[in-house]
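Report on the structure given below.
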Protein chains: 2
Amino acid sequence: MSIDLQELAGRYRDILRQAVYLTRSMDAEGELSTRHVSTLNMVSTGPMRVSAIASYAGVRVPSATEQVIKLEAAGLVERIPDATDARAVLVRLTPKGREALDSANGRRNATMAAALETLSREERQIIAGAIPAIAKLNAAVAAQPATA
Amino acid sequence: MSIDLQELAGRYRDILRQAVYLTRSMDAEGELSTRHVSTLNMVSTGPMRVSAIASYAGVRVPSATEQVIKLEAAGLVERIPDATDARAVLVRLTPKGREALDSANGRRNATMAAALETLSREERQIIAGAIPAIAKLNAAVAAQPATA
DNA sequence: GCTCATAGTTAGGTAGTCTAACAATTAGGC
DNA sequence: GCCTAATTGTTAGACTACCTAACTATGAGC
């Protein structure tokens with residue numbers, strides 16, 4: 001017999017909600033907030049437009065602008081003009097930003113790795129194996145027609 | 001060879017971050033927000049103290065008080081005295097709250113179920129199979145000594 | 001019954017988000 | 001070539017949710 005989709009959806013939403021709260025608990029004193037880390041992660045692979053940052057972060061453009069302004073004030077990113085479109089602005093990670101990002105990612109990954117270590121090897125493999133499916137599910141949710 | 005924990009932690013954090021943003025996108029116009037749904041879900045199995053709500057939600061007590069006050073103003077919960085401790089307050093779902101919660105949960109589950117439907121049966125089974133491991137991982141993160 | 005701990009509320013402040021309005025630039029029709 | 005319409009980003013103003021600190025009321029220990 002097949003899986004009841006509604007029931008699976010409910011259980012998945014449950015653990016997701018829990019995980020969300022826990023993610024915030026990984027914010028440490030004096031370090032970058034989860035949102036700042038997310039934004040820095042986005043621009044870590046190359047300069048990105050403000051509108052692209054907003055889109056990936058799931059927020060409106062003004063909110064992204066505000067985040068970028070704060071990161072710029074902290075010297076973690078810089079805004080450079082887009083050579084192909086004078087309206088656009090590219091956000092680029094500075095060396096200082098790279099350093100701060102690596103440090104924050106390292107700390108967060110270490111925390112998560114420590115938690116993973118308490119699981120059995122089988123459980124870790126199950127989670128590792130589920131990541132592609134969850135990524136695909138994320139994409140499917142994102143593609144949804146606005147919860148009509 | 002075994003899985004690299006740091007690497008797995010990073011990949012897991014990635015899909016989690018993505019899922020977090022998507023969860024918010026499931027908030028619909030005129031309906032309950034994700035946080036309100038979470039709070040209502042907590043008291044849906046029985047009256048609960050404000051401090052317990054705060055703890056489960058991962059916020060401080062004043063924040064929980066504020067949420068409860070808003071839900072009460074909307075007629076979705078009611079505050080009743082705790083017979084065993086006059087300091088405490090129990091938060092109970094009202095019939096109207098039950099109705100609103102069921103409706104919101106139904107809509108959200110339907111959205112998630114629709115996304116799940118785009119996956120293959122194997123992928124759905126992988127996700128279903130990973131839920132217990134992820135729940136255990138959540139518990140492990142929660143038990144962590146404050147990211148020392 | 002005094003003192004200390006606990007449960008919750010209130011007050012004041014901060015961070016992040018939104019919509020609406022605006023400036024600057026690009027693209028397209030003619 | 002220009003004039004209009006669309007796009008990119010910022011600014012302004014308001015709202016929500018969160019925090020810490022201070023307070024009230026009740027319970028617990030001696």
Q: Check the distance between D:dT16's P and B:Leu32's CG and give it to me in whole angstrom.
A: 14 Å
Q. Of the nucleotides D:dA17, C:dT19, D:dT26, which has the atom closest to the A:Arg60 side chain?
A. C:dT19
(Q) On DNA chain C, compare the nucleotides closest to A:Ala86 and A:Ser33; which residue's is nearer the 5' end? (A) A:Ser33
Q) Should the pair B:Asp14-B:Arg11 be classified as a salt bridge under the 4.0 Å nitrogen-to-oxygen rule? A) no
Q: Produce a footprint string for nucleotides 3-15 of chain D: one letter per nucleotide, 5' end first; B if the base is under 4.0 Å from any protein heavy atom, S if only the sugar-phosphate is, - if neither.
A: ----BSSBB----
Q.
Hydrophobic clusters here meaning ILVMFWY residues chained together by side-chain heavy-atom distances under 4.5 Å, can you tell me if A:Leu101 and A:Met42 are in one?
A. yes
Q) What is the distance from CE of B:Met48 to C1' of C:dA7, rounded to the nearest Å? A) 15 Å
**Q.** Side-chain N,O (B:Ser63) to OP1/OP2 (D:dC19) below 4.0 Å
**A.** yes
Q: Start with the C-alpha gap between B:Leu90 and B:Arg49, add the side-chain angles, then the distance that decides, and say whether side-chain contact (heavy atoms from CB on, under 4.5 Å) holds.
A: CA-CA 5 Å; B:Leu90 292 178; B:Arg49 288 190 175 190; 3.8 Å; yes
**Q.** For B:Arg124 against B:Leu119, the heavy-atom pair lying closest together
**A.** NH1-O, 2.8 Å
Q) For the pair made of CD1 in B:Ile53 and C1' in D:dC18, what is the distance, rounded to whole Å? A) 16 Å
Q) Is any side-chain nitrogen or oxygen of A:Gln67 closer than 4.0 Å to OP1 or OP2 of C:dT17? A) yes
Q | Over 12 non-hydrogen atoms of neighbours within 6.0 angstrom of CZ in B:Arg60 | A | no
Q | Residues clustering with A:Val20 (ILVMFWY side chains joined when closer than 4.5 Å, directly or via others) | A | B:Val20
(Q) Without decimals, in angstroms, what is the distance between B:His36 NE2 and D:dC18 C1'? (A) 13 Å
